[in-house]
Amino acid sequence: LDDYLLRNYGYSKEYVRSDEYHLHVMGREVGVKFNPDRRVVNTLDAFGLLEIAREEGKHGQALEELLGSYFERADDISDGNVLRSIAQRAGLQRYPPDDESKFQALRE
């Protein structure tokens, strides 16, 4: 993430890891402690999980688990094991899906 933020926004590693970094300031205001060690990963399967959660009426729970996992714990939300854990904590019944065609449609 450090390289990405430097390359795309000009933010130094020191700045994005400081208490003055604007994302950390805004996070503190709402009770979120952003983990600076998270990585930029492919989130396509995470969106598939959220779609299943929406269908099961558990979108809010799944979104909260997903965001906490990524932003606060710096988990790799492109990893299937991480997503299964998120789905379990959110109480999803149909994840991973038996039919991967829903995810395939998102990939196209």
message: With no hydrogens and no angle check, just 3.5 Å: does a side-chain donor-acceptor pair link Arg38 and Asn35?
response: no
- prompt: When rounded to the nearest 0.5 angstrom, what is the spacing between CD in Glu14 and CG in Leu6?
  reply: 9.5 Å
message: Distance check, rounded to the nearest 0.5 Å: Ser78 atom OG versus Leu44 atom CG?
response: 10.5 Å
Distance-minimising heavy-atom pair for [X] and [Y]:
X: Leu49; Y: Ala62; result: CD2-CB, 3.9 Å
X: Ile77; Y: Ser69; result: CG2-OG, 4.2 Å
X: Ile86; Y: Glu65; result: CG2-CB, 3.7 Å
X: Asp45; Y: Tyr95; result: O-OH, 4.3 Å
X: Arg89; Y: Arg73; result: NH2-NH2, 3.2 Å
X: Leu83; Y: Leu66; result: CD2-CD1, 4.1 Å

Please check if [X] and [Y] belong to a single hydrophobic cluster, counting links between Ile, Leu, Val, Met, Phe, Trp and Tyr side chain heavy atoms closer than 4.5 Å.
X: Met26; Y: Val32; value: yes
X: Val40; Y: Tyr21; value: yes
X: Leu67; Y: Leu92; value: yes
X: Leu23; Y: Val16; value: yes
X: Tyr9; Y: Val25; value: no

message: Does Asp3 have more than 12 heavy atoms from other residues, nucleotides or ligands lying within 6.0 Å of its CG?
response: no
query: So, are Arg17 and Asp2 salt-bridged, with charged N and O less than 4.0 Å apart?
result: yes
- prompt: Is the shortest distance from a Lys or Arg side-chain nitrogen in Lys33 or Glu72 to a carboxylate oxygen in the other one below 4.0 Å?
  reply: no
Donor-acceptor pair, [X] side chain versus [Y] backbone, under 3.5 Å?
X: Glu56; Y: Gln93; value: yes
X: Arg28; Y: Asp19; value: yes
X: Thr43; Y: Ala46; value: no

- request: Assess the pair Tyr11 and His22: is the distance between their ring centroids shorter than 6.0 Å?
  value: yes
query: Taking only residues at least two apart or on different chains, which pairs with a member in residues 59-81 satisfy ring-ring contact (aromatic ring centres under 6.0 Å, His included)?
result: Phe34-Phe71
